[in-house]
Amino acid sequence: SSSIGREEVKGVEEVKGGEDLAFSSLESTSSFDNVPTLAFPSISTADFQFDLEKASDIIVEKVLEFVTKLGNARFVLVDLSSGSKILSLVRAKAGEKNIDSGKFLTFVGDITRLYSGGRLRCNVVANAANWRLKPGGGGVNAAIFSAAGPSLETATMERAGSLAPGKAVVVPLPSTSPLFCREGVTHVIHVLGPNMNPKRPNFLNKDYKKGCEVLREAYSALFEGFASILK
Ligand code: AR6
């Protein structure tokens, strides 16, 4: 809805981070802050080298499935740069499918600074994790573990010691974590996507039949994890 200053692109809204847009007006739309919102990165499409066209199809398919299942919850696909190819592919495909633009948005910004840097409240954040569920390794995993502080690693290890491809684990964030106090994130959901990078474990060696299966499974596990928090 243009009344709250967001840009509509074929039914899907792209909201840019930073302070230069009229996005702060969202704060004053009363019910908005309380809408359960999952922010998620595009799983597997950077370090794990998954094909962007195939990944964008799967993201749109899975969001479509869960947007209807989850009632008033919102889904936000996040990437760092406004030139993000995955964001534009997903926006175009979501527009074609007429996904409710109030329930699915794309957002340009750092997923660890959605509220402080972009005035976007997301109570749940997904992480494109590694199988050891350990900090570091670059990408969004390194950013989330670093922004959340050491308590995320402790809380994660209490829930799971490792993760198989296609699986997700929901981790309640201790209220002392900066990601909780500063950004309002109450849960991190770690997801392990399919890996097409020969230098990483569980390499699928161009097997996109298996790869697509595992990516679908990963998004289902992620969105079901989000649903379990809402209950
Ligand atoms: N905020 C928002 N999006 C981000 C951020 C951020 N701070 N950082 C990266 N992205 P990747 P993968 C986007 O490589 O392909 C790690 O080493 C990025 O542009 O983080 O699943 C883990 O330890 C891309 O669109 O995840 C694993 O070993 C998306 O997040 C491995 O990488 C995912 O990119 C997982 O690789």
Side-chain angles (χ1 to χ4, degrees), residues 14-18 37-60 62-63 75-91 93 105-120 122 124-149 152-153 156-157 160-169 171 178-179 182-183 185 188-204 208 211-212 214-219 221-222:
E14 178 183 10
V15 187
K16 295 191 177 70
T37 304
L38 169 71
F40 66 101
S42 169
I43 308 298
S44 289
T45 56
D47 190 47
F48 279 179
Q49 301 178 1
F50 199 92
D51 179 80
L52 297 181
E53 280 288 352
K54 291 182 173 70
S56 60
D57 285 335
I58 291 171
I59 292 169
V60 171
K62 285 292 156 188
V63 167
F75 297 79
V76 185
L77 175 66
V78 182
D79 201 359
L80 285 169
S81 130
S82 59
S84 163
K85 180 128 187 268
I86 192 75
L87 289 193
S88 43
L89 285 168
V90 166
R91 266 200 306 279
K93 290 173 186 182
L105 355 165
T106 60
F107 190 89
V108 177
D110 182 340
I111 204 165
T112 66
R113 306 198 60 89
L114 292 173
Y115 184 67
S116 61
R119 288 294 170 259
L120 178 66
C122 297
V124 184
V125 161
N127 177 31
N130 52 58
W131 74 274
R132 290 177 188 276
L133 294 169
K134 288 293 182 193
V140 76
N141 182 73
I144 288 176
F145 271 103
S146 144
L152 176 60
E153 194 182 349
T156 299
M157 288 304 132
S162 65
L163 207 55
K167 305 292 183 216
V169 59
V171 180
L179 208 50
R182 191 188 67 217
E183 307 296 329
V185 175
V188 170
I189 305 179
H190 299 294
V191 195
L192 184 62
N195 169 38
M196 310 314 256
N197 178 348
K199 295 184 180 139
R200 300 283 178 265
N202 299 304
F203 170 48
L204 287 178
Y208 270 101
C212 288
V214 175
L215 193 60
R216 280 197 183 86
E217 199 194 327
Y219 280 108
L222 167 60

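Note that ligands are numbered from 1 as they come in the structure, with each ligand's atoms numbered from 1 the same way. The figures that follow rest on heavy atoms only: side chains count, while hydrogens, waters and symmetry mates do not.
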Novice: Is any NZ, NE, NH1 or NH2 atom of the basic residue among E53 and K93 found under 4.0 Å from an Asp or Glu carboxylate oxygen of the other?
Specialist: yes

Novice: Heavy-atom count around K167 NZ within 6.0 Å, excluding the residue itself: above 12?
Specialist: no

Novice: How close does the nearest protein non-hydrogen atom get to atom 9 (C) of ligand 1, and which residue and atom is it?
Specialist: V140 N, 3.5 Å

Novice: May I ask you to check if ligand 1 and T112 share an N or O to N or O distance below 3.5 Å?
Specialist: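 Such a contact does not occur with ligand 1.
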
Novice: Suppose I only count heavy atoms of A129 and a 4.0 Å limit; which atoms of ligand 1 are within that range?
Specialist: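 Answer, ordered by atom number: 27 (C).
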
Novice: Against heavy atoms of N141, which atoms of ligand 1 measure under 4.0 Å?
Specialist: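 Checking each atom against N141, I get 22 (C), 23 (O).
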
Novice: If you measure every N/O of A46 against every N/O of ligand 1, is any gap under 3.5 Å?
Specialist: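 Yes - when backbone and side-chain N and O of A46 are compared with those of ligand 1, one distance drops under 3.5 Å.
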
Novice: What protein heavy atom sits nearest atom 13 (C) of ligand 1, and how far away is it?
Specialist: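 Sorting protein heavy atoms by distance from atom 13 (C) of ligand 1 puts D79 OD1, 3.4 Å first.
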
Novice: Polar-atom distance check: F48 versus ligand 1, any N or O pair below 3.5 Å?
Specialist: yes

Novice: To the nearest 0.1 Å, how far is atom 14 (O) of ligand 1 from its closest protein heavy atom, and which atom is that?
Specialist: D47 N, 2.9 Å

Novice: Check each atom of ligand 1 against the heavy atoms of N130 and keep those under 4.0 Å away; list them by number with element.
Specialist: 23 (O), 27 (C), 28 (O)

Novice: A143 versus ligand 1: do any nitrogen or oxygen atoms come within less than 3.5 Å of each other?
Specialist: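 Such a contact does not occur with ligand 1.
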
Novice: In the protein, what heavy atom is nearest to atom 6 (C) of ligand 1, and what distance, to one decimal place, separates them?
Specialist: L80 CD2, 3.5 Å

Novice: May I ask you to identify the nearest protein heavy atom to atom 21 (O) of ligand 1, giving residue, atom name and distance to one decimal place in Å?
Specialist: S44 N, 2.8 Å

Novice: Is it the case that ligand 1 has an N or O less than 3.5 angstrom from some N or O of I111?
Specialist: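 Between I111 and ligand 1, an N or O pair is found under 3.5 Å apart.
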
Novice: If the cut-off is 4.0 Å to any non-hydrogen atom of D110, which atoms of ligand 1 fall inside it?
Specialist: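 What qualifies from ligand 1 is 1 (N), 6 (C), 7 (N).
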
Novice: Which ligand 1 atoms, with their elements, are less than 4.0 angstrom from a heavy-atom of G137?
Specialist: 16 (C), 17 (O)

